[in-house]
Structures are given as structure tokens and as C-alpha cells.
Amino acid sequence: MQFDDQINRFGTHSVKWDMMERLYGVPADKGLSMWVADMDFRPPACVQAAVEKMAAHGVYGYYGDDAAYRESIRWWMQTRHGWALNPDHIFTTHGLVNATGLVVDAYTAPGDGILLMTPVYHAFARTIKAAGRVVVECPLALVDERYEIDFAAWDSRMTGGESMLILCSPHNPGGRVWKAEELRGVADFCTRHDLILVSDEIHHDLVMPGHRHIAMPLAAPDIADRLVMLTATTKTFNIAGAHIGNVIIADDALRAKFASKIMAMGISGNSFGMHMAEAAYSPEGAVWVDALVTYLDGNRQIFDAGVNAIPGLRSMPLEATYLSWVDFTGTGMAPAEFKARVEKAAQICANHGETFGTGGESYLRFNIATPRARIEDAVARLQTAFGDLQ
Ligand SMILES: Cc1ncc(COP(=O)(O)O)c(C=O)c1O
């Protein structure tokens, strides 16, 4: 099983592994890195072959003639998600954080409120604040150990100064796969409050067995005039360093606005990313993703069983993503103490929950996309670090 290979990532400028000592004080030779959302796996052979072909050719000029690249995106969305999109509606950005910055700039004005369903992917708030917009937190409700949406509570927060909602679908952290009626509810909410809806679906291929992701245009076909879709190959195929993402906009007026933003910012395709993404969105890539999800599901089960056996710790049941969201409330410990146990005693780097916004304070997020032996090691380390609670 290729996912079992333990690949040494130290000394490769990996933010996940090479920054752990500097940021967490966890020694590189003893630590276990479970923070940043990239995987410790090689991508499928078809992606490797695309890079090797480029390297063998050895001329790295500007990229052009993107018809096959667009077609690969159309094919993937149709085949994997049942979403029939027009390839002319696709823009290519330097990843989805870049895309978030661009959509914020294109469709909102300084001082506008932008809604986030917290706790949520931390880069959204960082980007919004840096752009001089205001984060409006709409906290998710915790119901039976899962996040749910309390639309009435959100309605009461609206002041009229809001212009956009950024949805994370599936949700990071917590791994909810939003149901059709929840997506419909988000769409209706945006219509009610006249908001642009940005649907970041970067995790849409990493869905656990028994759950089904629904692309927003399928859940709410009538809101195209306010919908901006964000998708990418990078999370699915572990090629985040290629910095490539898709912004897909069906509405002519919204698309024209975004086209001028792309032009103004001088954004054009990264040749490596374009070649890798096209190779990934293929039948061979699809077979690899199916095997990957099965493996991640196995990791999830082992991690959850081990963590939930520690009194006071609860791992939220993941419906999607490889990012386990562990609640330490039941330990009665202050965040400084449970973090010290995880980082100093277990020597594991995990993301701090408070960086995801309100509701994340008592959590840590653990990346489980790593060889199974490391998951077993992580569980053993955590059981020892919290051994006095047994
Ligand atoms: C919801 C979400 N959007 C975007 C990103 C990052 O996108 P990119 O690497 O393309 O900038 C992540 C990374 O974890 C994410 O979870």
C-alpha cells in the first residue's frame, strides 16, 4: 500500500515538517507533525509523470492553450460530482487563498461585513481582515457532536452592512458534509440578506463512505446570479505547493467583474500547476482518490477509537476531510495545559482551535493524512500524555 510509505519530508522546505521546531518548539527528530493541511503521501503516478515530462523537456516558458486543462475540470466535476459546468466559466488562480482575496476585493468594499460560519478555516478571517473588511462570525451550533446551522441566530446578527458569505463545503474543521436542505438554507439566507455566496469546496473529493457531497449549483440552481464557486486539485491530490485553484462563475455580470480583477492583478497560470492539475483530473487520478479515501477512513477509525478512549477527549465524527477536530473540554483543563501536554509531552504539532474563530477554543485539529504507523504512534503518545486521566 503506497500510503504506508514513510517519506522523510525534513529538509524539503515543508512548512508542516520544517517549521515545527521554530513554531511549536517540538524537536524535529522526535516530533510528529499533524498540523498544516497537506498529506505525507506522493500524488498518483499520472501527476508525477506530468512533472517528469516537463523536467525531461526542460524548457519552462509561459503556459498557453488551456482547452485540455479546462476539459479535464469539466470532466471531473461531471463524473465525480454530477455537476455540468461550462469550461468557459473557469478562472485559474494561484490557489484558493489567493482566490478568496480576489473575490473579497472584486465583490465587496472596505468596511463591508463578510460572514464566516465559525469555527472555520483560519485563512478566511486573515484575508478578510487584511483587506480592511470586517469578519462577521456566525457560530455553528453543536448538536449531537456535529455542527449544524442556526439560521434564526444568524438572521438576528445582520445589520445591513454585510455583502458576502464564505461557505466551507465540506466544512473545515469538523468535517461536516452539508445536506441539500442545509445548502438550500444557506442559499436562501444569502438571497434574504442580498449577499454574494462564495462556496469553497476544496475538500469535496475527500468524503468518507456513507456521505455524499452536493455542489452548491446542484443544491440551489436558482442563485447563479450571486454564486462564486471555488474548487481545486491541490487538497485532493496533495499538490498544494503548485498553488493552483479554480474560480467558477456562471453568471455573466459576476464573471465580467472577476475577469477585470484577474486582469488588474496580473494573474496567469502557473505552468507546473496546470500540467499537474490536468493529469490529476483523469480516470487514473480517480482510482487513486478512491484508494486514498479508503485509507483515510481507516486512519480516521484508528485515531478516533484511540483518542475517544482517553477520558475527556472527543474526536468529532468526520464526514469529510482528513482533519480530526478534537475537543478537550471534558478534561477540565485550560487550553494552555492541554496544548502543553500535546506539544511538550506527546511532541505532536496540531492546529490550535482558537485560530478558527469563536467556538474553537477548546479544540485542537489533527491532520490524519499520514502513514498508518504514525497514526498509531500519535494515539500511543496521546494516551501516555493524558495517562493520568485513564
Ligand atoms: C477550506 C480551505 N480553503 C482553502 C485552503 C487552501 O487553499 P490553497 O492552498 O489553494 O490556497 C484550505 C487549506 O486547508 C482550506 O481548508
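Just so it is clear, the model here is predicted, and its values are computed rather than measured. Start at 1 and go down the list; that is how both ligands and their atoms are numbered.
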Flag side-chain contact, heavy atom, 4.5 Å: M229 against P217: yes
Contact with ligand 1 for H94, non-hydrogen, under 4.0 angstrom: no
Cation over ring face, R157 and W154, 6.0 Å, 45°: no
Y281 and F237 aromatic ring geometry - parallel, tilted or perpendicular at 30°/60° bounds: perpendicular
Protein residue, atom and distance nearest to atom 9 (O) of ligand 1, heavy-atom basis: A240 CB, 4.5 Å
Closest approach of any protein heavy atom to atom 8 (P) of ligand 1, naming residue and atom: L96 N, 3.4 Å
Salt-bridge present (K179, E182; N to O < 4.0 Å): no
Nearest-neighbour protein heavy atom for atom 12 (C) of ligand 1, which is reported as residue plus atom name and distance: Y121 CZ, 3.3 Å
Face-on cation placement of R365 at F356 ring, 6.0 Å and 45° thresholds: no
Proximal atoms of ligand 1 relative to A37 (non-hydrogen, under 4.0 Å): 14 (O)
Salt bridge flag under 4.0 Å for residues R80 and D290: yes
Contacting atoms of ligand 1, where contact means under 4.0 angstrom from a heavy atom of K235: 12 (C), 13 (C), 14 (O)
Electrostatic pair D222:R184 at N-O distance under 4.0 angstrom: yes
C168: numbered ligand 1 atoms lying under 4.0 Å from its heavy atoms: 1 (C)
Atom 7 (O) of ligand 1: nearest protein contact (heavy atom, Å): I202 CD1, 3.5 Å
NZ/NE/NH1/NH2 to OD/OE distance under 4.0 Å, R226 and D194: yes
Any H243 heavy atom less than 4.0 Å to ligand 1: no
Options T127, T93, D200, I244, ranked by nearest heavy atom to atom 3 (N) of ligand 1, top entry: D200
Minimum-distance protein heavy atom relative to atom 11 (O) of ligand 1: V97 N, 3.0 Å
